[in-house]
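Step one of this worksheet: look at the structure below.
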Amino acid sequence: MMQKRPLRLGVNIDHVATIRNARGGAHPDPLRAAKLAAAAGADGITAHLREDRRHISDADIAALVREIALPLNLEMAATDTMLAIALHHRPHAACLVPERRRELTTEGGLDVAGARDRLAPFVAQLAQAQIRTSLFIDPNENQVRAARAIGAPVIELHTGAFCDATGATRARELDRLRRAAALAEELGLECHAGHGLSFETVGAVAAIPTLVELNIGHFLIGEAIFGGLDSAIKRMRAAMDQARSNAHGEKSA
Ligand code: PXP
């Protein structure tokens, strides 16, 4: 029988900070959200320290490192300033993402294939500090192979195109994710996925058997407005587990 693998849920708390920053005060506090997420069953906390500090702040990162027992995944651009911050705080993991100032959110994956020489030293220095580094890439064979070539232990596949698509395009995007995740496994890379996932889209992605972590933020924080963060996280966790269980049942039947 095929071994069923656990699927971790990383809860991204950036948009708790977005709401806080809209008024410039201390409420709502991302640290409180992280503690609540931990109690609701999250396996990790993810936070993106952007160059323009539009949501998470340096003080948030310090507080998360100090007070959260769960692994912290720091999303960051590959710049010397961000590298220095990561080396100072030493989160459990770092996820290198592309960053453009005017984008609303992280719009596409890193071009690892086109920037191997620039990115490789970041992966090496983070690894030296025992920070597990992932590269956020589109589900594309060249990008997966390039991530392997520069020594990253982990990739995170961008699920945005899948989540935004409908009909036949959605099926094609899901297939791209499946093939990229299978290739990652073949190359010995740990494979994560995230961006834009919701109750509606998470099942198909969670069913991809070689994925080990999903990072989900915006939808959960939005949904928390209606039913609370605890309930949103528990429902997401249940949807992931159900999809993984169903997929496992199909394989082992
Ligand atoms: N993974 C990465 C690398 C991201 O940059 C983001 C967005 O910050 C997410 C996951 C979570 O995306 P969303 O907030 O749309 O769930």
Side-chain angles (χ1 to χ4, degrees), residues 7-19 21 30 33-34 37 42-57 60-61 64 71-78 82 86 91-101 103-112 119 122 126 131-139 143 147 152 154-165 173 177 180-181 184 190-206 211-225 229 232-233 235-237 239-240:
L7 180 59
R8 296 196 300 260
L9 171 60
V11 173
N12 180 316
I13 53 164
D14 290 350
H15 297 298
V16 178
T18 305
I19 299 171
N21 297 355
D43 301 292
I45 299 298
T46 294
H48 185 177
L49 186 66
R50 291 187 78 103
E51 194 189 359
D52 61 10
R53 306 300 196 270
R54 71 174 70 157
H55 35 62
I56 292 296
S57 68
D60 291 328
I61 296 297
L64 290 166
L72 175 67
N73 175 30
L74 174 66
E75 289 178 4
M76 55 180 257
M82 285 298 157
H92 167 80
C95 179
L96 298 182
V97 300
E99 204 174 292
R100 281 190 297 277
R101 273 182 183 235
E103 68 187 359
L104 284 178
T105 180
T106 313
E107 283 165 3
L110 270 179
D111 180 14
V112 184
L119 293 171
F122 285 92
L126 289 163
I131 300 169
R132 200 161 164 75
T133 304
S134 66
L135 302 178
F136 189 46
I137 57 173
D138 290 327
Q143 300 297 348
V154 185
I155 56 169
E156 178 165 329
L157 299 175
H158 197 312
T159 52
F162 163 71
C163 293
D164 290 344
E173 289 297 336
L177 289 165
E190 182 172 309
C191 193
H192 302 175
H195 207 283
L197 292 168
S198 65
F199 293 148
E200 195 239 324
T201 51
V202 78
V205 175
L211 287 180
V212 304
E213 180 174 307
L214 301 183
N215 284 299
I216 310 180
H218 183 267
F219 178 83
L220 286 174
I221 305 307
E223 195 59 22
I225 293 170
L229 190 56
I233 290 171
R235 200 171 147 198
M236 188 63 81
R237 170 92 261 164
M240 286 164 54

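We count ligands from 1, going down the list as the structure has it; atoms in each ligand are counted the same way. What you see below is based on every heavy atom in this structure, not just the backbone, and it leaves out hydrogens, waters and symmetry mates.
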I need the atoms of ligand 1 closer than 4.0 Å to a non-hydrogen atom of [X], numbered in the order shown.
| X | value |
| --- | --- |
| Asn215 | 10 (C), 11 (C) |
| Asp14 | 8 (O) |
| Gly196 | 12 (O), 13 (P), 15 (O), 16 (O) |
| Val97 | 3 (C) |
| Gly217 | 13 (P), 14 (O), 16 (O) |
| Asn12 | 8 (O) |
| Ile216 | 16 (O) |

Take atom CZ in Arg8; do more than 12 heavy atoms of anything else shown fall under 6.0 Å from it?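 Count over threshold, so yes.
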Holding to side-chain hydrogen bond (donor to acceptor under 3.5 Å, both in side chains), I want the full list of residues that pass it with Arg237, two or more places apart in sequence or in another chain.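 Partners of Arg237 by the side-chain hydrogen bond (donor to acceptor under 3.5 Å, both in side chains) criterion, ordered by chain and then number, come out as Asp43, Asp241.
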All side-chain hydrogen bond (donor to acceptor under 3.5 Å, both in side chains) counterparts of Asn215, not counting sequence neighbours: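 Per chain and number, Asn215 pairs via side-chain hydrogen bond (donor to acceptor under 3.5 Å, both in side chains) with Thr46, Glu156, Glu213.
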Identify whether the distance between the nearest side-chain nitrogen and carboxylate oxygen of Glu75 and Arg50 falls below 4.0 Å.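 The answer is no: the pair does not qualify as a salt bridge.
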Test item: [X] side-chain N/O and [Y] main-chain N/O as donor-acceptor pair under 3.5 Å:
| X | Y | answer |
| --- | --- | --- |
| Thr18 | His55 | no |
| Glu223 | Ala232 | no |
| Asn73 | Ile45 | no |

Judged by modelled atom types alone, do Asp60 and Ser57 share a side-chain donor-acceptor pair under 3.5 Å?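 Yes.
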Give the contacting part of Glu75 toward ligand 1: side chain, backbone, both or neither, where contact means a heavy-atom distance below 4.0 Å.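 It is the side chain that gets close, since no backbone atom is under 4.0 Å.
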Under 4.0 Å from ligand 1, counting heavy atoms only, is it the side chain of Leu220, its backbone, both or neither?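 For Leu220, there is no contact with ligand 1 at all, from either part.
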Geometry only, no angles: is His48 polar-contacting ligand 1 at N/O separations under 3.5 Å?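 Not met; the criterion fails.
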Among the heavy atoms of Phe136, does any lie under 4.0 Å from an atom of ligand 1?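 Heavy atoms of Phe136 do come under 4.0 Å of ligand 1.
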